[in-house]
Amino acid sequence: MSAVTVQGPVERGRSPRWVEVPGGGTRTFGTCACGACPWDLPIDGEPDFRGAVAAEGGVWWITNLSDHEPLFVADVDHPGEATAVRPGGRVPFGFDMAIVTPARRPGRVSVTVFAAVSEVTPPVVRRCPAIRPEVPQLDPEARYFAVLAALCERRGPVAPTSADIAARLRMSARAVDAHIDYLVRKLEIPEPAIRRTGWKRMALIEHVRTHGLAGVGQLARTA
């Protein structure tokens with residue numbers, strides 16, 4: 001696995017903090033009562049919610065660094081697939097995207113883990129000049145790509161909502177929002193000066209229209 005992104009809790013009116021875990025690397029998240037321990041992704045409000053995420057061997061791993069609190073790791077695309085990691089335990093996961101919460105208080109705080117797909121090396125063939133080489137590569141087999149395709153298939157004057165996309169792809173609206181957040185960060189789309197409701201969806205549509213990302217139009221017609 002080339003890299004993993006760990007995103008902190010989403011707070012209204014603020015962009016979430018996040019940290020990249022390079023292939024073969026490890027990053028920590030959480031906090032503790034002493035307040036002096038260094039964390040790659042500090043998490044406020046839950047002193048026994050601590051862990052480490054590593055990207056190794058085609059999967060990512062969660063190590064529970066909490067003293068007493070188990071960590072609950074749930075697949076966002078398939079909520080029924082979930083695992084509890086006991087304190088001190090280390091467990092591998094193959095989920096594309098997962099929510100990590102304290103097992104006994106899941107609604108209080110969480111982090112989201114995005115499993116990044118290895119960058120695709122472009123083949124040495126003629127390519128459409130509309131596809132600019134500096135545009136980050138996206139994996140057409142990834143679930144986030146299906147979200148992007150559904151988003152770009154506009155059937156009216158407004159973009160599909162997260163609920164519209166969720167119903168079409170048979171996933172939760174929360175999962176759609178998380179995939180959209182990942183795409184905005186992956187494609188390095190800047191925040192506008194004034195953030196209106198739905199700006200990320202509209203920005204992604206405009207980005208695809210401008211850069212001509214390969215495969216999106218075809219997938220949108222067939223999804």
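Both backbone and side-chain heavy atoms feed into the values below; hydrogens, waters and symmetry mates do not.
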If hydrophobic clusters are built by linking Ile, Leu, Val, Met, Phe, Trp and Tyr wherever their side-chain heavy atoms come under 4.5 Å apart, do Leu204 and Phe145 end up in the same one? yes
Pairing of Glu56 and Arg90 as salt bridge, 4.0 angstrom limit: yes
Decide yes or no for Val176 and Leu169: does some side-chain heavy atom of the first lie under 4.5 Å from some side-chain heavy atom of the second? no
Please report the shortest heavy-atom distance between Pro190 and Trp199, naming the atom on each side. O-CZ3, 3.8 Å
Given side chains that start at C-beta, do those of Val85 and Pro70 come closer than 4.5 Å, heavy atoms only? no
Do you reckon Val19 sits in the same ILVMFWY cluster as Val73, going by side-chain contacts under 4.5 Å, direct or chained? yes
Do Trp61 and Val53 have side chains that get closer than 4.5 Å, going by heavy atoms? no
Residues Pro22 and Ala55: closest non-hydrogen pair is O-CB, 3.7 Å
Let's go through Val6 and Val21 carefully: what are the C-alpha distance in whole Å and the side-chain angles of both, what is the deciding distance for side chain to side chain contact (heavy atoms under 4.5 Å, CB included) to 0.1 Å, and is it a yes or a no? CA-CA 7 Å; Val6 184; Val21 185; 3.9 Å; yes
Atom CG in Leu148, atom CD1 in Ile180: separation rounded to 0.5 Å? 9.0 Å
Quick check against the 3.5 Å criterion: does Asp48 have a side-chain atom that pairs as donor or acceptor with the backbone of Ser66? no
Tell me whether the rings of Phe114 and Tyr182 are parallel (<30°), tilted (30 to 60°) or perpendicular (>60°). parallel
Ignoring hydrogens and angles, tell me if any N or O in the side chain of Arg27 forms a donor-acceptor pair with the backbone of Leu41 under 3.5 Å. no
With rounding to the nearest 0.5 angstrom, report the SG to CZ distance, Cys152 to Arg201. 12.0 Å
Side-chain heavy-atom pair Ile43, Pro9 within 4.5 angstrom cut-off: yes
Verify same cluster id: Val208, Leu183 (apolar side-chain graph, 4.5 Å): yes
In short, Ala115 meets Phe95 closest at the heavy-atom pair CB-O, 3.5 Å
Are the side chains of Ile62 and Val91 in contact, using a 4.5 Å heavy-atom criterion? no
Glu69 (side chain) donor-acceptor with Ala103 (main chain) under 3.5 angstrom: yes
Would a single hydrophobic cluster contain both Leu65 and Phe93, if residues Ile, Leu, Val, Met, Phe, Trp and Tyr are joined by side-chain heavy-atom contacts under 4.5 Å? no
For Gly8 versus Val111, what's the shortest heavy-atom pair and its separation? CA-CG1, 4.3 Å
State, with a plain yes or no, whether a side-chain heavy atom of Thr31 is found less than 4.5 Å away from one of Pro42. no
Of the non-hydrogen atoms in Phe29 and Ala52, which two are nearest, and what is the gap between them? CE2-N, 3.9 Å
Thr28 side chain to Asp40 main-chain N or O, any donor-acceptor pair under 3.5 Å? yes
Just to verify, which of Gln7, Arg143, His179 counts as forming a side chain to side chain contact (heavy atoms under 4.5 Å, CB included) with Met97? His179
Row check, Trp18 ring normal vs Arg185 NZ/CZ: under 6.0 Å, within 45°: yes
Are the side chain of Asp181 and the backbone N or O of Ala178 linked by a donor-acceptor pair below 3.5 Å? no
Check the pair Val113, Trp60 against side chain to side chain contact (heavy atoms under 4.5 Å, CB included), reporting the backbone distance first and the verdict last. CA-CA 9 Å; Val113 179; Trp60 53 274; 3.9 Å; yes
Arg86 atom CZ, over 12 foreign heavy atoms within 6.0 Å: no
If you take all heavy atoms of Ala166 and Ala173, which pair is closest and at what distance? CB-N, 3.6 Å
Please say yes or no: joined through hydrophobic side-chain contacts below 4.5 Å, possibly via intermediate residues, are Ile165 and Ile189 part of one cluster? yes
Is Arg50 salt-bridged to Asp67, going by a charged N under 4.0 Å from an acidic O? yes
